[in-house]
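Some notes on the structure that comes next.
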Amino acid sequence: MTPDTLMTSEKIFLDGKTFIPAEQLPIPEWPCVVSERSQPTLTVKDDDLFLVTDAIGNISGCSLNDSNPSMGLFCCDTRFLNRLELQLEGRSPVLLSSTAEKGFSLSALCTNPRIDERLRAETVGIRREMVLNGALFEEIEVSNYSTTTVSFELSISFDADFVDLFEVRGYDREKRGKLLRLVEPTIEERIVDGVSPVAKDPSIFREESLTLAYQGLDDSVMESRILFQHRQPDYFKGYTAVWQLELASHETQKLGYRVNMLKNNQSSSTVSAAITLGQAKAAELMEEQNWVQQITRISSDKSIFNRVIERAEQDMYLLRQSFGKHKTVSAGVPWFSTLFGRDSLITASQTLMLNSQIAKETLILLATYQGKIDDEWREEEPGKILHELRLGEMARCQEIPHTPYYGTVDATPLWLMLYAEHYAWTHDQELLEQLWPNALAAMEWIDRNTKENSYLSYFRKSKRGLPNQGWKDSDDCIVDHKGELANGPIALCEVQAYVYAAKIRLAEIARMKKRLDLADRWLEEARSLKVRFNRDFWVEDQDFCALALDGDGKPVGSITSNPGHCLHLGLFTHERAYSVAERLRAPDMFNGWGIRTLSSLSPAYNPMGYHIGSVWPHDNALIAMGLRSLGLIDQALELFQGLFDMTSQQPYQRPPELFCGYERNGDNAPVQYPVACTPQAWATGSVFQLLQMMVNLVPDAQNNCLRIIDPALPESINRLSFHNLRVGPTILDLEFERSGTTTACRVAKKRGNLRVVIEA
């Protein structure tokens, strides 16, 4: 609570405002328009805000089946609006067109339905524009296209339930806080216990704004303040603003409002809000322009491919989110708009050639939260890298352990891998030294947790934690060849590959730092791990790698995509790597768009299952890197083509978090997963990882060298260019051109003294 907050048994006084429990002051309700079927949604995001509406920009107050629970305006894991419904004479407008292509803004063009005898259909045009920039802004232009004057009522209904994002996702709560009503204090009430709250003009709340409020179980007061701009409403009915409009022929009138989100009278968003929509839009465009100037710009000779790349570049910008002093990518909208360990690390690795600053900020931020104590509730341990950070009421009240939650087995070795990769791209010695203690602590955590059975495994300790703690973290995904759930502790195959790669790469850094004792020990441990892994994880009768070892040390022998993550990290023997690569391309795994998470021959297979038959772009991009590392270039390019064909058919040419595992047959489109995040960070990052797979850049900034090994463009692309590519202090322009099965590369421009070695 803030110092200016006072509470009595019946009232809350906050900086000159008085709130009472909502049940003490019933307000009139404005009927909502019932939607009988699921509506397509539009999603916009800016930093720590995101908004999900239907196709006309509305968040309806009701539907028959509550088919879109994710709709709303969210900030810091709290829903600040769950109703935002524009109506014309009590009816929903008719959609003409809408788009959220810019990412931080949406626009919709609507018209009116027939209103009795007073207003013919398609007489009035309604143009809506919404922008996020530290607040939500909307401007509405209403135009009369008839030859006579028209009069009608236009309304916007607001409501806010202030539920935690985990509630929206289906988590139960035994108890909630209470909704509040803002009331005007009397003269006597303005002085409480001899303290005078900050004076405010009470008329601004009554005449020009609406305030929706809630007091959480932690006593935090959340507010959604709606300030109207341009033409003020003619009256309010509860939380509905109503305009009585009269428009002459071809007259246009403009309405607008701004929604500020507050916690204890302070802005919930870390972004300083603009005042008007125009200012918000200008601020966003300027920030985006600065981002574009910093990144590697990639283009080809094919327009559809360019649209996919441009969308991926823009989505990486949109997914950036502030956490204290640092900014990294949030995992995805709507469910994962926060800091993750695994997701953020993999995305940062995928985008090193786009902008290495993402990796730098991710490394620093995750090091800041690195585990310091043993805490079973949060599954925190010294040296461990977090899984997920949440800021909502349920986290603040310790109903969930996400403050942050550390239940992930792979984030710690992935952090070490990124630590080494970032250095290879940047030769950032200052960061290397700054984070060296964190690297040692991370490696010590790995070593402590591999002592018992020689492999890094997981087993849930927190009662509200995740039962599965690898990238496939749903409850039903770790199954054996009979489709039965494996018992823990679980040692996943790909996690051992991450540990192997972390030890190999950190040994090189230790040798550079003259820590030969550590370098020799880590190399020996990596060699030992490789021998044991190829013995213990290999399933001879399947000639394939087990998904995991179970709690008894027995292989979990289902055919999954997980071993594909091991291919480019060098853990398999040469023969077994090729065997895994070949098996992943069989029809029960490769569906024509990509490789399934689980074989379609498994008893547990479900093409609509989250991790038991679906296809994930990031999973496939990692596998493509593995195929490429084995010299299986045609197979890697085939995988790229399937993923590219899938992406080109998505809304805005944006790869989804995942899609269903149904077979690609003829002209059928990829089947969408019902609640996939879009945009989603490592799905977006897979676009850049697949580009890296094609051109095969091997940076060595420490030795001032970039190797380009046997680049290979697919048949669908003839030319590919990279502008503003950074390796160490050097900036490069590279051009690739395919002729038949051969791809040539030339250095078009170079600002710096980097040696570029092109190897065919």
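Positions are given from 1, in the same order as the sequence printed here. Just so you know, these numbers use all the heavy atoms, side chains as well, and skip hydrogens, waters and symmetry mates.
- Counting only N and O atoms by type, the side chains of D48 and T270 include a donor and acceptor under 3.5 Å apart.
- Counting only N and O atoms by type, the side chains of E393 and Y214 include a donor and acceptor under 3.5 Å apart.
- F80 and F74 have their aromatic ring centers separated by at least 6.0 angstrom.
- No side-chain donor-acceptor contact under 3.5 Å links D473 and N468.
- Checked against the 6.0 Å centroid threshold, W616 and Y610 count as a close aromatic pair.
- Under the 3.5 Å distance criterion, with hydrogens and angles disregarded, a donor-acceptor pair is assigned to the side chains of Q680 and W682.
- In this structure, the ring of Y257 has its center no less than 6.0 angstrom from the ring center of H230.
- Under the salt bridge (Lys or Arg N to Asp or Glu O under 4.0 Å) criterion, the residue pairs touching residues 366-375 are D375-R378, with sequence neighbours excluded.
- Contact between D161 and L179 at its shortest, heavy atoms only, is O-CD2, 4.2 Å.
- Side chains of N58 and S60: a donor-acceptor N/O pair is absent below 3.5 angstrom, by distance only.
- Inspection of the H618 and S686 side chains reveals no N or O donor paired with an N or O acceptor under 3.5 Å.
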> Can you list the steps and then say if K281 with E139 is a salt bridge (charged side-chain N to carboxylate O under 4.0 Å, His left out)?
Replying inline: CA-CA 12 Å; K281 201 171 175 181; E139 287 187 353; over 6 Å; no
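- Applying the salt bridge (Lys or Arg N to Asp or Glu O under 4.0 Å) rule to pairs touching residues 321-333 yields D47-K327, E287-K327, sequence neighbours excluded.
- Evaluation of the side chain to side chain donor-acceptor pair (under 3.5 Å) rule for Y317 yields E284 as partners, not counting sequence neighbours.
- The two residues I59 and G72 come nearest to each other via the heavy atoms CD1-CA, 3.6 Å.
- E388 is linked by a salt bridge (charged side-chain N to carboxylate O under 4.0 Å, His left out) to R390, counting only residues two or more places apart in sequence or in another chain.
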> Should R320 and E361 be marked as a salt bridge (charged side-chain N to carboxylate O under 4.0 Å, His left out) after you check the CA-CA gap, both sets of side-chain angles, and the distance that decides it?
Replying inline: CA-CA 11 Å; R320 296 179 315 145; E361 296 279 299; over 6 Å; no
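- Centroid-to-centroid, the aromatic rings of Y673 and F659 stay 6.0 Å apart or farther.
- The closest side-chain donor-acceptor pair between T408 and R342 falls under 3.5 angstrom.
- Remark: A241 pairs with F228, P233, F236, W243 by the side chain to side chain contact (heavy atoms under 4.5 Å, CB included) rule, at least two apart or across chains.
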Please output the side-chain donor-acceptor pairs of residues 98-107 that fall under 3.5 Å, not counting sequence neighbours, one pair per line with the distance.
from, atom 1, to, atom 2, distance (Å)
S98, OG, A55, O, 2.7
T99, OG1, E101, N, 3.1
K102, NZ, E288, OE1, 3.3

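- Between the side chains of Y406 and E381, no donor N or O sits under 3.5 Å from an acceptor N or O.
- Rounded to the nearest 0.5 angstrom, K360 NZ and L418 CG are separated by 13.0 Å.
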